[in-house]
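Notes to accompany the following structure.
Chain naming here is simple, since letters A, B, ... match the order of the sequence lines and numbering starts at 1 in each.
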Amino acid sequence: MAVDEENVDFRKIAQKWRKKWASEKVLQVEADNRKKYYIAIVYPYMSGLLHLGHLFTYTNSEILARYKRMRGFNVLVKFGFHCTGTPIVAAAQRVKEKEPTQLETLRKMGISEKDLPKFSDPEYWCEYFPKETLIDLKKMGFAIDERYTFRTTFLNPPYDAMVRWQFNKLKEKGYVKKGKHPVVWCPKDNLPVGDHDRSEGEGETPKDFIWVKFRMKNSDLILMAGTTRPDALLGQTNLWIDPKAEYSIVEVGKEKWVVGNDAIKKIEQQYAKPKLVGKLKAAELMGKWARGPLVDYDLYILPASFIDAKVGSGIVYSALEDPVDLVELQRLQTNPDTLRKYGLDTGVVSKLKPISIISIPEMGDDLGQEMINKYGIKSAKDKEKLEEAKGELNRAVFRKGVMKKNCGKYAGMTSPAAQAAIKKDLHEAREIAMFYELTGKVVCRCLTECVVKIVEDQWFIEYNDPEWKKLAHKCLGKMQIHPEILRKQFEYVIDWLDHWACTREYGLGTKLPWDQKWVIESLSDSTIQMAYGTISKYLQNPSDYGFSTHKLNDEFFDYVYLGRGDPAKVEKSTGIQRKLVEKMRSDFEYWYPFDFRNSAKDLLQNHLTFCLFNHAAIFQEKHWPRTFLINGRIMVNNQKMSKSKGNFFTMRELYTKHGPDIVRLTAAMAGEGADDANYDMKFHEVAKRKLSELHSFIIENYNKGRTETSPVDEWFESKVNSAIKKTTEAMEGLMFKSAIQYSLSDMARYLKIYLRRTGNKPNKRVISLFCQSLIKMLTPIVPHFSEEVWEAIGEKGLISSSQWPTYEEEKIDKEAEAAEQLVTDILSDFSKVLELAKIEKPKEVMLLVAPKWKYELVSILKEELKKTRDQRALINTCLTEKDLKPHGEDVAKIVQGALKDPSKLPETTITREKEIEAYESAKAEIEKEYRAKVSIDDAEKSKEPKARQAMPGKPAIIVK
RNA sequence: GCGAGCGUGCCGAAGUGGUCGAACGGAACCGGCUAAGGACCGGUUGUGGCGAGGUCACCAACCCAGGUUCGAAUCCUGGCGCUCGCACCA
């Protein structure tokens, strides 16, 4: 095969066929009476051009779309451009401030110096990038009907109207509620600070923190002690304060709280306006008594070295099952001087001891002491060991702890359950105040240290509603999830999702219909937009259909999506002709639900699960989603793609350089399943070479060749048919990389063998079948290339609109394939023999085929081995056969061997005649390769001692 | 820390209880073709055997350690390592 690298210009043919498809409108879609297949692509965020990550995910949808078209489906691919949210606004702001990295990013995407200032306006981003993205999609040859494309936010009034409808629906069902919400807050910017806006503290979040009220004896003062373990209140023994600190008395509502000085700010930010009414030295508190909730005794107030008044509320209560508390107490008990220094009563302190409230299997009654012993802790100075011990104990409590009998109504509960119950009870009794504490220090990009702020009037989608969760589970249960192993994760996420803050104070999007101060957040406005994609053709191009979309209302969507109401009334309120309203309804009914949605695995936990919830809430069951395909993340040359590593590629760079088909093929080969895929830059060249070769081969050989047939033709035809079968199954199973392997790689390999065995003289019918089938199976992956080849071999019409090849089960000939395998085996055995015998130039080669009775024996033995492994019985059964009797001794030997290692028996038994035929047909090739005379004989008639070893499928080989 | 997934030859990757020294692709090496070749063709790529004219035997082997089984890359338990997510970020 002569290879001419330049024989295919992948960029040129892409342009040619793109124009052809456009002029013949092959990618335009209308609802009709065919089976439909609706692919809802996850729309990309419009803060830049599409990159390799998008390419990889979209390639899956694209291959499937074209495959389904060839299977006779009417395929709609929905494509949108996501503009909702804050990143575009933030990026525009950075352009305005002329931030160098932001400007550089835009320059790299090909934006000229003079156009840069335009990007300081967020709305310009929403104009520019959708337009450019659509160009990219077309140039990649994606099977998208551009009339259906749309962008999000108020910039697109009909989309805006649909999101309002969605939220009204959710609210009607009681799934949207107002509530308080803690956020990480920058006091200088007066804005929430997300992970990406921090100079320090990525991953830190607000964590629940409970302040428990301890009322001082003979006083109206209340000591506030912070904790994350309210269950430990059942074993409270004393209070700890910082002996060096000064405390404040603040009025909160009608109460007077005692807290560390630094806690006042927290009260103000998270609770209520406090009023400072006094100060207290630690000494004034020590030795006093206070009483906490859940117990009927007073606690003694003691100093502790580990307390820092700046942390939490500045006061902690002690539960001596905790090793930290226990060590601290032991320190006091063994240092009477310290007690005397603070004027404390040694009698009281010496009587303090742990109260056992939690039982953990395999642990005793004194958990604190047990941990101290285990970690070999000697004093309070072993801080690291103490922290570890405490951590281990907390984990054990959380996982295995059960409340003991002395815990009143909480007895018998698991510790986490008791924590929740106690928290709830005390909250209702107003014995605690709820606070949040950051899990670590967070510093805003503006270098201000962040705090927790409670947003008072945040709107939430109540994904924690148990009934709703049930519906979501039901929806999932009816779906196909690929790969199936990820279903468990969906199950988990559905249960885990809590309420979701669905509104923002700023950013692009749709205003919450009943509270215009808020903008609907971007993950929440995209959960049912696949429904919009079924009718977007009309709504995005209203003038083509003679109406205006500015009066879209809930009535309209109620009718189109849910079939409720009266189209005549809809006409009246929207001004859209009744006929068109009805057409949109029927289009929706035709296309919906979506059959397929594909994303990378990072959207599983939010977007895809939200999609389930919202469909379950809003749509009829018949309109619930059908299939999710989740892919891994894309790596470039086995490295994570990132701008800083310099391996960040836009889709545009790639197709401009290599042409779209090469990029599509490389992306499809990058991987499948949930594991990370690898986009291999070297593969571009491999792909070009392979396709070029295929191109010349098909053109040179299609519809040419001999007309007489040979056994190898049967074999090859069988291989072609099984390749079609395997490829089709892979496509149906959404395994696109496998599909390429079964078609492109496997078939090329078989072709090589076939050409060799036929001396480059293929059979005309079979080779044409091969060419047609292969080029068709490649069409979904490399459509431009396929069209080009299709045209070059003189076929009429577009291959994109042709039918997927079918295979004939009866043409898949196991015997022919097994026979070919025998020849391959013989050839490899040959070279071994030659090597070992050190014969370089054999003169004569004899293949001695086993006698007929051995074939009989093998077939009986294979059957019998399934029933028994008893040697005697096997031999006896075999010897009942008349033809085998005379060979008793040999039979016994063979049976023994087979028992020891069943793999010695040939896998597929073909008849002796077929086997000989296979060798005969390979004879010429062997003679040519070894330049030796080849003869095929009956082993039984041979005098060679080796002849006895011949077995079915394993002839004795004699080389001289 | 929690949840889900993964861990196979030089690399990527198939393989879910015997037919597995392990498909397929890449890479490397040897040989052939050739003026030359990054192209093509054939072969090799765990270790050992002064067994051997192949279709063989033996040892070891699919992250590590145990276990279940007549039998495990495949099932179970524990450990180690990696990936994704963990909420206002799309």
Side-chain angles (χ1 to χ4, degrees), chain A residues 1-5 44-47 82 84-88 90 181-184 192-197 203 205 391 394-395 398 439 455 458 460 463 483 485-493 495-504 507 521-524 526 600-607 630 632-633 635 638 640 669-678 680 682-683 685-686 689 693 737-738 740-742 744-746 749 752 756 825-839 869 901-907 929 946 949-951 953-959:
Chain A
M1 232 184 298
V3 176
D4 178 2
E5 289 263 353
Y45 191 71
M46 288 291 108
S47 56
H82 203 195
T84 313
T86 53
I88 287 177
H181 184 58
V183 290
V184 180
V193 180
D195 258 353
H196 305 295
D197 299 321
T205 52
N394 277 341
R395 281 193 292 280
F398 190 80
T439 49
V455 178
Q458 175 66 263
F460 292 94
Y463 291 125
I485 45 168
L486 291 179
R487 185 182 295 277
K488 257 204 272 180
Q489 178 136 359
F490 272 107
E491 300 280 5
Y492 174 81
V493 172
D495 288 331
W496 166 81
L497 269 182
D498 202 346
H499 58 194
W500 178 264
C502 62
T503 51
R504 296 288 178 272
E521 163 275 340
S522 70
L523 281 168
S524 300
S526 54
K601 58 184 168 187
D602 47 1
L603 290 187
L604 190 158
Q605 282 82 350
N606 43 61
H607 170 76
I630 291 98
R633 316 263 300 177
M635 315 265 274
N638 280 316
K640 264 191 196 177
M669 281 298 282
E672 63 193 0
D675 287 343
D676 288 349
N678 182 36
D680 185 354
K682 290 195 302 289
F683 191 80
E685 300 312 316
V686 177
R689 205 183 71 221
E693 274 171 30
K737 180 178 178 177
S738 299
I740 295 172
Q741 269 170 10
Y742 298 144
L744 189 60
S745 309
D746 282 359
R749 205 170 58 250
K752 263 188 206 167
R756 196 166 69 226
D825 291 349
I826 290 295
L827 286 172
S828 94
D829 284 349
F830 253 135
S831 28
K832 273 189 190 162
V833 172
L834 290 177
E835 192 187 323
L836 289 166
K838 304 205 167 60
I839 299 173
R869 294 183 69 87
D901 180 4
S903 68
K904 278 189 182 164
L905 296 178
E907 216 176 299
E929 190 161 333
K946 279 248 155 201
Q949 287 183 16
M951 283 290 285
K954 289 286 178 192
I957 301 169
I958 313 290
V959 183

Between B/C20 and B/A14, how far is it from one C1' atom to the other, in whole Å? 12 Å
What does A/V193 touch in the nucleic acid at a heavy-atom separation under 4.0 angstrom: a base, only the sugar-phosphate, or nothing? sugar-phosphate
Nearest of B/G3, B/C88, B/A90 to any side-chain atom of A/Y492? B/G3
Using atom C1' in both nucleotides, what's the gap between B/A65 and B/G7 to the nearest angstrom? 16 Å
Paired with B/C70: which nucleotide, if any, by Watson-Crick or G-U wobble criteria at under 3.5 Å for both distances? B/G18
Any idea which of B/G3, B/C40, B/C89 is nearest the A/E693 side chain? B/C40
Counting the atoms with a prime plus P, OP1 and OP2 as sugar-phosphate, which does A/S738 contact under 4.0 Å by heavy atoms, base, sugar-phosphate, or nothing? nothing
Using the P atom in both, what is the distance from B/G5 to B/C24, to the nearest Å? 31 Å
B/U19 and B/U83: how far apart are their C1' atoms, nearest whole angstrom? 35 Å
Distance-minimising heavy-atom pair for A/Q458 and A/A501: CD-CB, 3.7 Å
Between B/C40 and B/A57 - C1' atom distance, rounded Å: 39 Å
Could you state the NZ-P distance from A/K752 to B/G42, rounded to the nearest angstrom? 6 Å
Closest nucleotide among B/A87, B/A90, B/C41 to the A/L497 side chain: B/A87
Return the nucleotide paired to B/G54: Watson-Crick means purine N1 to pyrimidine N3 with N6-O4 or O6-N4, wobble means G-U with N1-O2 and O6-N3, both under 3.5 Å. none
Using the C1' atoms only, state how far B/C62 lies from B/C88, rounded to an integer number of Å. 44 Å
Give one of base, sugar-phosphate or nothing for A/P87, where a contact means two heavy atoms less than 4.0 Å apart. sugar-phosphate
Please determine, for the side chain of A/I485, which listed nucleotide (B/A90, B/C24, B/G5) has the closest atom? B/G5
Touch class at under 4.0 angstrom, heavy-atom based, for A/D746 against every strand present: nothing
Which residue lies more 5' along RNA chain B, comparing A/Q605 with A/Q741 via nearest heavy atoms: A/Q741
Selection from B/A90, B/A87, B/U83 that lies nearest to any side-chain heavy atom of A/K601: B/U83
Check the distance between B/C24's P and A/Y742's OH and give it to me in whole angstrom. 12 Å
Partner lookup for B/C29, please. Criteria are Watson-Crick or G-U wobble with both distances under 3.5 angstrom; report none if nothing qualifies. B/G43
Spacing of A/L523 atom CG relative to B/A90 atom P, expressed in whole Å: 7 Å
Establish, with yes or no, whether the OP1 or OP2 oxygen of B/C24 is under 4.0 angstrom from a side-chain nitrogen or oxygen of A/S745. no
Nearest-Å distance, CG (A/D680) to C1' (B/A27)? 11 Å
Can you tell me the base-pairing partner of B/G3? Count Watson-Crick or G-U wobble geometry only, both distances below 3.5 Å, and say none if there is no partner. B/C84
Answer yes or no: does a side-chain N or O of A/K488 lie under 4.0 Å from OP1 or OP2 of B/G5? yes
Among the nucleotides B/C88, B/G85, B/A90, which one has an atom lying closest to any side-chain atom of A/H181? B/C88
Figure out the CG/P separation between A/D676 and B/G81, and round it to whole Å. 19 Å
Side-chain N,O (A/T86) to OP1/OP2 (B/C88) below 4.0 Å: no
Given side chains that start at C-beta, do those of A/D676 and A/K601 come closer than 4.5 Å, heavy atoms only? yes
Report the relative orientation of the aromatic rings in A/H499 and A/F460; use parallel for angles under 30°, tilted for 30 to 60°, perpendicular for over 60°. parallel
Search all heavy atoms of A/F490 against all heavy atoms of A/I630 and return the closest pair with its distance. CE1-CD1, 3.7 Å
Starting from C1' on B/U83, measure out to CG on A/L486 and report it in whole angstrom. 12 Å
Separation between the P atoms of B/A61 and B/G51, rounded to whole Å: 25 Å
On a heavy-atom basis, which atom in A/H607 and which in A/S526 lie closest, and how many Å separate them? CE1-O, 3.3 Å
What is the distance, to the nearest angstrom, from the CG atom on A/D602 to the P atom on B/C84? 9 Å
If you take all heavy atoms of A/S738 and A/E672, which pair is closest and at what distance? OG-OE2, 2.6 Å
Determine whether a donor-acceptor pair (one donor, one acceptor, N or O, separation below 3.5 Å) exists between the side chain of A/R633 and the base of B/C84. no
Without decimals, in angstroms, what is the distance between A/Q489 CD and B/A4 C1'? 4 Å
Is there side-chain contact between A/M669 and A/I740, with at least one heavy-atom pair below 4.5 Å? yes
Provide the distance between the two C1' atoms, one in B/C11 and one in B/C29, to the nearest whole Å. 16 Å
Compare every heavy atom of A/W500 with every heavy atom of A/L523, then report the nearest pair and how far apart it is. CD1-CZ2, 3.7 Å
Given B/A90, B/A87, B/C41, identify the nucleotide with an atom nearest to the side chain of A/W496. B/A87
